[in-house]
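Contents: one structure, followed by commentary.
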Amino acid sequence: LPVIAHIFEQANPNTTAEAIHKYTLPVLQEFPQFCWVILNSKNSKIIGGITGVILKDRPTGYIIDIAVDSSHHHQNLGH
């Protein structure tokens, strides 16, 4: 979680890794199936993450956060 929090902090200068850690931990505990990491295929290092939730009152989900380490920007990771 500290690695992901740092990557999300890089993507959003209006927050801190501590705030992201505090917010993401409950989501990870409740919805582990919707919290993913993006791994570098060459060395298995975490280079990004996605967190999401499913709403309890209807079958709808949404992405809360998505971020990729700045060293991997513009490499078509989203394609």
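Heavy-atom basis, side chains included; hydrogens, waters and symmetry copies ignored.
- The line from CD1 of Ile20 to CG of Asp65 is 6.5 Å long, rounded to the nearest 0.5 Å.
- Rounding to the nearest 0.5 Å gives a distance of 9.5 Å between CD1 of Ile66 and CH2 of Trp36.
- Judged purely by atom type and a 3.5 angstrom limit, His21 has no side-chain atom pairing as donor or acceptor with the backbone of Pro2.
- Using the six-membered ring where Trp is involved, Phe31 and Phe34 have ring planes that are tilted, between 30° and 60° apart.
- How far NE2 of His6 is from CG of Leu1: 13.5 Å, rounded to the nearest 0.5 Å.
- Residues His72 and Lys45 have side chains not in contact (no heavy-atom distance under 4.5 Å, counting atoms from C-beta outward).
- Between Gln10 and Asp69, the shortest heavy-atom distance links the atoms OE1-OD1, 3.4 Å.
- Across every non-hydrogen atom of Ala67 and Ile38, the tightest pair is O-CD1, 4.3 Å.
- When all heavy atoms of Gly52 and Val27 are compared, the pair lying nearest together is O-CG1, 3.8 Å.
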**Report entry** From CA spacing to verdict: side chain to side chain contact (heavy atoms under 4.5 Å, CB included), Tyr23, Ile64
**Finding:** CA-CA 10 Å; Tyr23 181 79; Ile64 296 173; 3.5 Å; yes
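- A pairwise comparison of heavy atoms in Thr51 and Cys35 identifies CG2-SG, 4.0 Å as the closest pair.
- By the 4.5 Å heavy-atom criterion applied to side chains, Leu39 and Ile46 are counted as neighbours.
- To the nearest 0.5 angstrom, Thr16 atom OG1 is 13.5 Å from Phe8 atom CZ.
- The NE2 atom of His73 lies 10.0 Å from the CD1 atom of Ile47; values are rounded to the nearest 0.5 Å.
- Ala17 and Ala5 make their closest contact through O-CB, 3.5 Å (heavy atoms, listed as atom of the first residue, atom of the second, distance).
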